[in-house]
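The structure appears right after this line, and notes come after that.
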Amino acid sequence: MTAALAHPRIGDDTRGLLLGVVGVTIFALTLPMTRLATGGLGEPQLSPWFVTFGRAALAGLLSVLYLLAVRAPWPSAAQWRGLAGTALGVVVGFPLLMAYGVQQVGAVHASVILGVLPLGTAVVAAIAYRQRPSPAFWGCAALGSALVVFYAVLKARAAGVGMAVHWADVLLFGAVVSAALGYVGGAKLTPQLGAERVICWVLVLSLPVTLPVTFLTWPAQPVSLPAWGGFLYVAVFSMWIGFFAWYRALALGGAVRVSQVQLLQPFLSMLSAVPLLGERLDALTLVFGVAVVASVFLGKRAPADRRPA
């Protein structure tokens with residue numbers, strides 16, 4: 001038996017999917033940990049502004065140390081523009097909108113709304129990489145979005161606010177768009193800079209904004225230890241280490257394909273919210289969570305033309 005057969009090489013697609021699972025597992029705890037950090041409207045802890053900019057500032061300082069340690073070269077002017085666009089999505093847009101949204105509704109509820117993130121990422125990736133998913137793929141994308149909207153309306157009626165969608169759901173939809181844009185923007189830069197350097201340069205670029213806002217929004221009232229623990233998690237893992245695996249996964253396995261690994265994220269978020277926050281996993285949420293995941297799974301199986309359109 002040859003050495004090649006004894007030690008088969010893992011293909012880029014498989015490595016991308018495995019790294020994607022690692023990244024998604026880290027990101028899945030972001031929702032309950034953010035809820036832990038901000039508290040609910042009845043018992044607020046850290047403000048969404050502090051959580052958003054503070055986590056990026058702490059991760060940015062860690063990024064400075066990393067870039068100095070590896071002696072990373074400075075990005076080019078074109079790369080700086082791409083890094084700035086990515087920062088708007090993953091440093092400001094997603095965490096801020098998600099923090100405000102999850103402060104008003106439970107993490108289990110928010111997990112269902114964010115369940116369309118795989119489809120959102122795939123759509124943005126298809127446009128950015130000029131790929132042509134089939135009509136079946138777009139049909140599944142529309143079905144998944146419709147399921148999430150229907151779920152939001154049902155939960156609003158159950159809360160006694162009629163057919164109106166909760167404002168938190170609008171914020172969470174905005175978080176989905178921001179994350180999808182930031183994920184694909186970073187993935188396009190990863191072959192040039194490397195996954196670790198992409199997120200580190202994004203965070204360093206953001207420091208002139210994130211550091212001052214962190215000090216301006218520093219909590220004046222006492223904050224519980226669990227809230228600080230949630231903040232540290234989203235700063236070190238959600239904002240920094242998770243992207244090491246995620247951007248490399250998107251670049252290796254293809255953003256359209258690997259984005260579907262996020263199928264696991266709603267379930268992991270829901271399951272972790274039960275022990276961390278003491279939330280209840282009701283039947284309606286579970287049914288719609290499964291339905292959204294199924295629509296994304298069907299969309300992934302739909303054929304796509306990977307040639308440039």
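Atoms considered below: every heavy atom in the structure, side chains included; atoms not considered: hydrogens, waters and symmetry mates.
- A side-chain contact (heavy atoms from CB on, under 4.5 Å) with Val184 is found for one member of Leu250, Thr86, Val124 and no other, namely Val124.
- Contact of the Ser238 side chain with the Met33 side chain is not registered, since no non-hydrogen atoms from C-beta on lie closer than 4.5 Å.
- The shortest distance between side-chain heavy atoms of Phe94 and Val90 does not fall below 4.5 Å.
- Aromatic ring orientation, Trp80 versus Trp74: tilted (interplanar angle from 30° to 60°).
- In this structure, the side chains of Leu62 and Tyr66 stay at 4.5 Å or more apart for every pair of heavy atoms.
- A cation-pi contact links Lys188 to Tyr129, judged by a cut-off of 6.0 Å to the six-membered ring centre and 45° from its axis.
- Here the shortest heavy-atom pairing between Leu211 and Ala57 reads CD2-CB, 3.9 Å.
- Under the side-chain contact (heavy atoms from CB on, under 4.5 Å) rule, Phe244 has a single partner from Leu19, Val198, Ile199, which is Ile199.
- The closest side-chain heavy-atom distance from Val170 to Trp167 is below 4.5 Å.
- The aromatic ring centres of Phe243 and Phe27 sit less than 6.0 Å apart.
- Put simply, the side chain of Ser272 gets close to the backbone of Ser269: a donor and an acceptor are under 3.5 Å apart.
- In this structure the side chain of Thr34 reaches within 4.5 angstrom of the side chain of Thr38, judged on heavy atoms.
- A donor-acceptor pair is defined here as one N or O able to donate and one able to accept, closer than 3.5 Å; such a pair exists between the side chain of Arg35 and the backbone of Gln103.
- When side chains are defined from C-beta on, Pro219 counts as touching Trp228, because their heavy atoms get closer than 4.5 Å.
- The aromatic rings of Tyr183 and Trp246 stand perpendicular to each other, their planes meeting at an angle above 60°, with 30° marking the opposite boundary.
- Although no hydrogens or angles enter the test, the distance criterion places a donor-acceptor pair under 3.5 Å between the side chain of Gln221 and the main chain of Gln45.
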